[in-house]
Amino acid sequence: MAEDNDHIITVRIVTPDGVVYDHHARLLVVNAIDGELGIMANHEPINAPMKIAEVRVARIYGPPHEKHISLNGRFKEFSNNVASIVADSAERQRNIDLSRAQRAKERAEKAIAAANAKHDTDQVKRASVALQRAVNRIQVKQK
């Protein structure tokens, strides 16, 4: 059962590898640098930098359900009922390899420990980002 077009938005998530998600929705929830944003149809235009976090999309077809996407964000733009998210990487919940994400988390934790021992703040920052990405992927997969 489709809803009235006045209550529909289009959600597109694009990475350097191509389109990861392109569907209609009732609601999009993203995590911008300044906090969580919920976007519905006819929302005012907005641009926001994104952080590494989950994106939730309430689809319009079938029984109410949400899709979960792990996002290594860049920015989101919303206008004319189209939400465009440009990301360094994004992975749908169903496509996340949990054991791979757990191994990435372990590697990042070891890299942080090694970098801290060497007082290498740049490496600590890079490894911390890798850890955030791995933890986000694990959390999204376990929803």
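Residue indices begin at 1 and follow the sequence shown. These values consider heavy atoms only, across backbone and side chains, with no hydrogens, waters or symmetry-generated copies.
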I60 versus A25, closest heavy-atom pair with distance: CG2-C, 3.2 Å

Heavy-atom side-chain contact between V19 and R12 under 4.5 Å: no

Separation of Q139 CD from N136 CG (nearest 0.5 Å): 6.5 Å

Between NZ on residue K51 and CG on residue D34, distance to nearest 0.5 Å: 9.5 Å

K141 atom NZ: more than 12 heavy-atom contacts under 6.0 Å: yes

Stepwise salt bridge (Lys or Arg N to Asp or Glu O under 4.0 Å) check, E109 with K105: CA-CA 6 Å; E109 290 169 338; K105 178 180 178 279; 2.8 Å; yes

V140 and I69: CA distance, side-chain angles, deciding distance, side chain to side chain contact (heavy atoms under 4.5 Å, CB included) verdict: CA-CA 7 Å; V140 168; I69 302 152; 6.0 Å; no

Interatomic distance, N116 atom CG to S128 atom OG [nearest 0.5 angstrom]: 8.0 Å

Side chain proximity check, D88 to T15, heavy atoms < 4.5 angstrom: no

Side chain to side chain donor-acceptor pair (under 3.5 Å), paired with R137, selected from Q102, E54, E91: E91

Any side-chain heavy-atom pair of Y21 and R92 under 4.5 Å: yes

Gap separating the NZ atom of K143 from the CD1 atom of I96, nearest 0.5 angstrom: 11.0 Å

N31 side, atom CG; L71 side, atom CG - distance, nearest 0.5 Å: 9.0 Å

Heavy-atom check, side chain of I9 versus side chain of H24, under 4.5 Å: no

Flag, side chain of D97 to backbone of S99, donor-acceptor distance under 3.5 Å: yes

From CZ (F78) to OG1 (T10), nearest 0.5 Å: 9.0 Å

N80 atom CG, over 12 foreign heavy atoms within 6.0 Å: no

Atom CZ of R100: over 12 foreign heavy atoms under 6.0 Å: no

Side-chain touch R107/L131, heavy atoms, less than 4.5 angstrom: no

E66 side-chain N/O to R56 backbone N/O, donor-acceptor pair under 3.5 Å: no

Enclosure of E36 CD (heavy-atom neighbours >12, cutoff 6.0 Å): yes

